[in-house]
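Notes to accompany the following structure.
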There are 2 protein chains.
Amino acid sequence: MAETGARDRHEAIHHELRRRICLLDYPPGMKLSETELAEDFGVSRTPLRRALARLEDEGLLQSQHGVGTFVTDASLAELEQVYQLRLELVELTGRLDPIPADAAYRARFDALLQRSADIVDRGTARVFTEFDIEVFQTLLDLIGNQPLRQVQERLYYQTKRIWLTLAMQAKLDLQEEFRIFHHELEAISLALDAQDPAALAQLQRAHISMSFKRLQQASPS
Amino acid sequence: MAETGARDRHEAIHHELRRRICLLDYPPGMKLSETELAEDFGVSRTPLRRALARLEDEGLLQSQHGVGTFVTDASLAELEQVYQLRLELVELTGRLDPIPADAAYRARFDALLQRSADIVDRGTARVFTEFDIEVFQTLLDLIGNQPLRQVQERLYYQTKRIWLTLAMQAKLDLQEEFRIFHHELEAISLALDAQDPAALAQLQRAHISMSFKRLQQASPS
DNA sequence: GTCAATCATCTTGTATACAAGTGGCGGTGC
DNA sequence: GCACCGCCACTTGTATACAAGATGATTGAC
């Protein structure tokens with residue numbers, strides 16, 4: 001833990017902003033004010049700008065001198081390559097140093113599975129997205145290859161906004177989406193019990209692929 | 001081209017520092033001075049620190065409050081996961097939107113092939129590394145999937161230092177390394193002529209794999 | 001002599017003042 | 001009425017002063 005403490009602060013701001021962008025609190029095209037954000041987080045512009053710079057490197061923001069800092073678009077067409085890469089990478093998570101799930105992890109995942117059932121009954125698009133992020137972060141812990149884990153995380157946040165965007169435009173059948181996701185979690189739970197990381201990865205790949213197909217159908221091509 | 005001009009300056013500094021780290025001008029463990037670097041580039045610490053922050057995110061630097069900014073180690077053991085991931089990713093470059101090589105590109109590559117022959121005769125470890133970077137950048141232009149290209153570039157600079165480190169410790173047979181690399185370029189040239197991106201990717205994968213094996217044998221495990 | 005505490009000096013991290021740049025608003029000439 | 005020019009408010013980018021932190025030397029007590 002050679003962390004300086006400052007690094008933690010940067011990470012916290014970066015994570016929070018990334019979360020807000022992903023949940024469309026800051027929708028695509030929105031102009032962000034550096035001074036306002038700095039006040040929100042109780043820091044000056046300097047450390048805040050470090051977080052903004054990283055988000056810009058990650059493709060979630062774009063700054064223009066003298067104009068403003070804007071949330072980037074999340075169009076399916078532009079992010080199709082990201083989706084295709086995600087498909088391949090998630091399959092790699094089953095082959096490159098997969099971390100076996102112990103009893104504690106399975107208990108943790110079962111808790112998620114329980115909550116998933118609730119969401120099917122009385123969930124909203126936003127609650128579902130928050131839950132999806134939590135599930136994703138949990139599944140990241142099974143990736144032993146650290147650089148692969150980092151890339152996966154980056155690509156996830158680039159593409160996840162699309163689902164919520166279409167969902168809020170009522171282009172998606174939420175009940176159907178919730179039900180499919182719950183089914184995916186049940187399948188993953190089986191793969192965890194079977195201690196078969198490759199199968200787990202292929203399950204995820206299949207669902208990402210199908211989700212992408214549904215988004216394509218819902219999106220005005 | 002909405003680039004503000006400032007972005008270009010950041011990129012230039014980032015690229016130059018990355019190059020110096022990769023070529024061991026700044027060897028692992030070296031302490032970098034922000035003020036000195038700022039003077040070198042003719043800017044203040046503020047924009048320089050943005051480049052340093054990005055290099056830290058990319059794993060090439062590490063800063064400690066009150067102590068200094070240090071070049072990270074490039075041990076084969078720690079970067080084995082990066083190598084394994086590179087193996088898989090380079091294979092993907094042949095499947096995800098590969099860009100066919102036109103006549104102009106083949107001419108460009110042939111020029112590299114010519115220079116490669118010279119290096120076999122009278123090259124040094126450093127000249128070879130500079131050339132390797134140039135070849136790598138050229139091959140990047142065949143990757144149509146942009147996020148894949150970005151990840152490839154990041155991982156390359158993380159691992160490339162290892163070769164030069166071992167080479168300067170006289171742990172590698174330079175003549176053999178040069179000869180093998182020239183052979184790889186000849187094979188790649190054939191794949192370009194054959195317009196077979198998948199074969200090209202597999203050739204690269206094979207050579208990365210063999211290079212990794214040689215590094216493992218040369219490294220004191 | 002040895003140990004410990006304090007201070008000097010260096011580093012990175014932060015806050016703030018200022019420069020560079022953009023866009024809009026209004027005045028002005030016609 | 002309309003086109004054009006200049007000014008002004010606002011934003012991001014940069015430079016600089018200052019705070020926080022760490023290391024090593026130095027000085028003092030014992």
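So you know, we letter chains A, B, ... as the sequences are listed, proteins then strands, and number each from 1.
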inquiry  = Which nucleotide wins on minimum distance to the side chain of A:E34, given the candidates C:dT12, C:dT14, D:dG13?
reply    = D:dG13
request  = When you get a sec, tell me which of D:dT12, C:dT14, D:dT14 is the closest nucleotide to the side chain of A:A6?
outcome  = C:dT14
Shortest non-hydrogen contact between [X] and [Y], atoms and distance:
X      : Y      : result
A:F181 : A:D132 : CE1-OD2, 3.4 Å
A:G94  : A:P98  : O-CG, 3.6 Å
B:L148 : A:L85  : N-CD2, 3.6 Å
A:L24  : A:P28  : CD2-CD, 4.0 Å

Close side-chain approach of B:F131 and B:L185, heavy atoms under 4.5 Å = yes
query = With under 30° as parallel and over 60° as perpendicular, where do the rings of B:F128 and B:W163 fit, or are they tilted in between?
reply = tilted
ask   = Would A:R161 and A:D73 pass as an ion pair if we require N to O under 4.0 Å?
value = no
ask   = Which part of the nucleic acid, if any, lies within contact of B:T35, taking any heavy atom under 4.0 Å across all strands shown: a base, the sugar-phosphate backbone alone, or nothing?
value = nothing
task = Could you say whether A:R9 or A:V67 is positioned toward the 5' end of DNA chain C, judged by the nucleotide with the nearest heavy atom to each?
result = A:R9
request  = Please determine, by modelled atom types, if A:T69 and A:R49 share a side-chain donor-acceptor pair under 3.5 angstrom.
outcome  = no
Under 4.0 Å: is that the gap between some side-chain N or O of [X] and OP1 or OP2 of [N]?
X     : N      : result
B:S63 : C:dT12 : no
B:H65 : C:dC10 : no
B:H10 : D:dT14 : yes

message = When the axes are fitted on five pairs at both termini, how much does the helix from C:dG1-D:dC30 to C:dC30-D:dG1 curve, in 10° steps?
response = 30°
[X] has an atom [atom1]; how far is it from atom [atom2] of [N], in whole Å?
X     : N      : atom1 : atom2 : answer
A:Q64 : C:dA20 : CD    : C1'   : 15 Å
B:L32 : C:dC10 : CG    : C1'   : 16 Å
A:F70 : C:dG23 : CZ    : C1'   : 11 Å
B:R7  : D:dT11 : CZ    : C1'   : 17 Å
A:L37 : C:dT14 : CG    : P     : 16 Å
A:I13 : C:dT14 : CD1   : C1'   : 11 Å
B:Q62 : D:dA22 : CD    : P     : 14 Å

DNA chain C contacts made by residues 39-53 of chain B, counting heavy atoms under 4.0 Å = B:R45, B:R49
message = Which residue in the set A:E153, A:E58, A:E56 passes salt bridge (Lys or Arg N to Asp or Glu O under 4.0 Å) when paired with A:R18?
response = A:E153
